[in-house]
Every structure is written in C-alpha cells, then in structure tokens.
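One structure is given here, and the rest of the page talks about it.
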Amino acid sequence: MRYKLLACKIFEREIASVVANCPNNIDVTTIRQRLHDYPSNLRQQLQDEIDQIDNNTHRQTDDAHYTPFDAILLGYGLCGKCTIGLKSAKYPLVIPRTHDCIALLLGSRERFAELAPKSAGVFFFSPSFSSGYAKRMTNGEDEFDMCRYLFYLERYKGNEKRALKAVKLEQSLTSAYHSCAYIKWPTIDLPQHEEDVRELAKARGWKHLEIPGDDTLFRKLVDTDWLDPANANDPDFLVVPPGHAIGESYDGSIFCAEDPAREGE
C-alpha cells in the first residue's frame, strides 16, 4: 500500500518510529503545531494540502501520476474541530476516532477517557514536545514570557498591544497548572528529555508524572490495508470515501462520513 500521511508536527518523533518498520510505503508531511491556536486556519491549511495531493501539485510529495496513493492518512483527532469538513476528491481519508493528540499518544479513546477527569491542571509533554519547551519554562517565568512575547510580536507584525495580550492570556492559562506529565513512548528512549520535564516540575513546584504512551493507534493507521472492506468498520478509525467529508457525530464515535450531495435533506 502507498499512503500519504498529513500529521501535526507534535508527533514528528513518534511518527518516525512507527514508519521506520512499516510494511507500507508512507509519504509523510508534518504541519506546524502552532496552527492549532487557530482551528479554522489549520482546517484551511489541511484542505489546501489535500487539494494539492489530489492535483499532484504538492511540493513535499513524490510524483503520484504513475503511482497514485491508496489513501490519505490524517495524524489528527477532532482537535478543535479543525478536521471537520475535510474531504478529498480523489482518495479515501482515514482519521483516528480521537478528540486530540493526548488520546493518540495514549493509544486509545478508552485510556484517554480514564485520564481526562484527572488531567485538569496537568501540562503534558511527549518525546516530540518536551526538551526545548520544558527548558524554556524552567529558565524562569520572565525569560519564558519574553520568548513568548517576541514570538507573538513577530506573528502580529510588530503590534505590541496584541503580542502583550497574547502573553497575558498564556499566563492566565499556565497559572492553573499544578503538575507536568511526560508521556513516555514505548520505542523512544530520551532520558535527557525526561529529565528536563522533571527539572521543570521542580522549578515550578509542580507534581511530576510519567505516563506510559502506546503506539497502537499510529501503528494501525500506517500498517492497515484501508482498501480492504473488512477494515472499513474498524471502531478506532473513520474511512471517508472520495468526495465525502469528515463530519462530527456528536456521540462516542466522534466522526462520521458526510455526503455533500445530500446536504440539506
């Protein structure tokens, strides 16, 4: 099987670890994580990527004229509804039935459901999202806030008022944290990253947690033959036929496939 995988950059290391031993041919493009701050922008970015893949004009993808893909895989969950409405005119779309990245790192919706009631006030880290960010947070709030201010100042093209407002919003969110958790991926051993998260907990006076990660969902995503009808009803994934869109199901299944031709019925 030949798949195109579009995924959040927050999974960069995790994806590399499962693709390395995958029996299928996986062409990977990761999308910047900060687009999550603006779900409508992320949705448009993902749809643009899909349209370019459909038209064989995607600059980061090998030529698919003679060897087209069998499906486009999405390394996202609901994620602020950024995936709702996505569709491909040419390929099936396959998406895990999860709410966000934490469930993907834990390997199932069930584990996420168990953890969710206890996760308020917990700042999560993972192999792809740990060392640099944890170190900046450990170096002191003033230095961290200045880094964030400069980041937003560039984003808002020199608008100091908007940059300061964004930093204050982040401060109000981080003030509610009392713990940090490192989701340890089973095939990625990064002792220094784990130590950086422990140091952050010590510096902030937070509780430190280590949570076992699970690569089950990512391995199923890249290893499965999604053209086999027997896999079309896998409870952990939605397979969307070409021309149909990802819809929200408002129940435990999270997603459904919508036929645009039947809108308004």
Side-chain angles (χ1 to χ4, degrees), residues 1-8 11 14-15 18-19 22-31 39 42-43 45-56 58 61-62 64 67-113 214-263 265:
M1 308 300 292
R2 185 168 187 244
Y3 295 138
K4 178 66 188 184
L5 172 59
L6 297 175
C8 180
F11 298 128
E14 290 80 1
I15 287 170
V18 296
V19 167
C22 176
N24 295 319
N25 185 353
I26 313 295
D27 190 315
V28 181
T29 293
T30 55
I31 312 296
L42 177 53
R43 183 187 304 113
Q45 178 69 39
L46 288 170
Q47 188 59 61
D48 289 345
E49 301 278 340
I50 292 169
D51 291 344
Q52 291 170 31
I53 295 165
D54 283 351
N55 297 325
N56 197 29
H58 196 269
T61 301
D62 286 341
T67 53
F69 294 106
D70 293 295
I72 297 174
L73 314 179
L74 298 174
Y76 288 89
L78 185 59
C79 298
K81 300 191 179 184
C82 74
T83 50
I84 299 301
L86 295 180
K87 59 183 177 181
S88 168
K90 187 174 183 179
Y91 301 112
L93 297 178
V94 184
I95 186 169
R97 294 184 185 273
T98 63
H99 285 96
D100 61 19
C101 61
I102 302 301
L104 281 165
L105 291 168
L106 294 176
S108 72
R109 284 176 290 166
E110 291 73 22
R111 284 196 67 203
F112 176 75
D214 190 319
D215 60 8
T216 297
L217 284 178
F218 267 118
R219 285 206 177 276
K220 283 182 71 175
L221 179 64
V222 300
D223 287 355
T224 301
D225 177 356
W226 294 113
L227 297 188
D228 184 341
N231 297 319
N233 295 315
D234 188 305
D236 294 323
F237 295 86
L238 172 69
V239 181
V240 184
H244 290 59
I246 298 173
E248 190 172 3
S249 65
Y250 304 102
D251 61 21
S253 63
I254 303 174
F255 296 118
C256 62
E258 294 183 340
D259 184 353
R262 300 187 64 182
E263 287 185 2
E265 290 186 7

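When reading the values below, keep in mind they use all heavy atoms of this one structure, side chains included, and skip hydrogens, waters and symmetry mates.
Applying the side-chain hydrogen bond (donor to acceptor under 3.5 Å, both in side chains) test between Lys4 and each of Asp70, Asp62, Thr29 identifies Thr29 as the sole match. A salt bridge (charged side-chain N to carboxylate O under 4.0 Å, His left out) with Asp236 is found for one member of Arg111, Arg219, Lys220 and no other, namely Lys220.
The heavy-atom pair separating His58 from Thr61 by the smallest distance is ND1-OG1, 2.7 Å. Annotation for Ala103 and Leu217: closest pair O-CD1, 3.9 Å, computed over non-hydrogen atoms. Closest heavy-atom contact between Pro39 and Gly80: CB-O, 3.4 Å. The shortest heavy-atom contact between Ala257 and Val240 is CB-CG1, 4.3 Å. When all heavy atoms of Ala89 and Pro242 are compared, the closest pair comes out as O-CB, 3.8 Å. Nearest heavy atoms, Ala7 versus Ile15: CB-CD1, 3.2 Å.
The closest side-chain heavy-atom distance from Pro92 to Leu227 is below 4.5 Å. Using a 4.5 Å cut-off on side-chain heavy atoms (C-beta onward), Phe255 and Ile95 make contact. Under the 4.5 Å side-chain criterion, counting only non-hydrogen atoms from C-beta, Phe11 is not in contact with Thr30. Taking the side chain as every heavy atom from C-beta outward, Pro23 and Asp223 approach each other to under 4.5 Å. The closest side-chain heavy-atom distance from Ile31 to Leu46 is below 4.5 Å. With a 4.5 Å cut-off on side-chain heavy atoms, Arg43 and Lys81 count as touching. Annotation: side chain of Asp234 is not in contact with side chain of Thr224 (no heavy-atom distance under 4.5 Å). For the pair Leu221 and Tyr3, the minimum side-chain heavy-atom distance is 4.5 Å or more.
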| task | List the steps and the verdict of side-chain contact (heavy atoms from CB on, under 4.5 Å) for Asp215 and Glu14. | result | CA-CA 8 Å; Asp215 60 8; Glu14 290 80 1; over 6 Å; no
| task | Go through the steps for Tyr91 and Ile53 under the test side-chain contact (heavy atoms from CB on, under 4.5 Å), then give the verdict. | result | CA-CA 9 Å; Tyr91 301 112; Ile53 295 165; 3.9 Å; yes
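In this structure, OH on Tyr76 lies 11.5 Å from CD1 on Ile246, to the nearest 0.5 angstrom. Distance check, rounded to the nearest 0.5 Å: CG of Asp27 to CG of Leu6 gives 9.0 Å. Rounding to the nearest 0.5 Å gives a distance of 5.0 Å between CG of Leu93 and CD1 of Ile50. If you take CZ on Arg2 and CG on Asn24, they are separated by 12.0 Å, rounding to the nearest 0.5 Å. Rounding to the nearest 0.5 angstrom, the gap separating the CD atom in Gln45 from the CD atom in Glu49 is 4.5 Å. Atom OG of Ser249 is separated from atom CD1 of Ile84 by 8.0 Å, given to the nearest 0.5 angstrom.
Looking at Asn56, its side chain does come within 3.5 Å of a backbone N or O of Ala64 through a donor-acceptor pair. Remark: the backbone N or O of Gly77 is paired with a side-chain donor or acceptor of Thr83 at under 3.5 angstrom. Arg97 contributes a side-chain N or O that, together with a main-chain N or O of Ser253, makes up a donor-acceptor pair within less than 3.5 Å.
Heavy atoms from other residues, nucleotides or ligands lying under 6.0 Å from CG of Asp228 number more than 12.
Ring pair Phe237/Trp226 is tilted by interplanar angle, where 30° to 60° counts as tilted.
Side-chain contact of Gln52 with Asp48: a donor-acceptor pair under 3.5 Å is absent, judged by distance alone.
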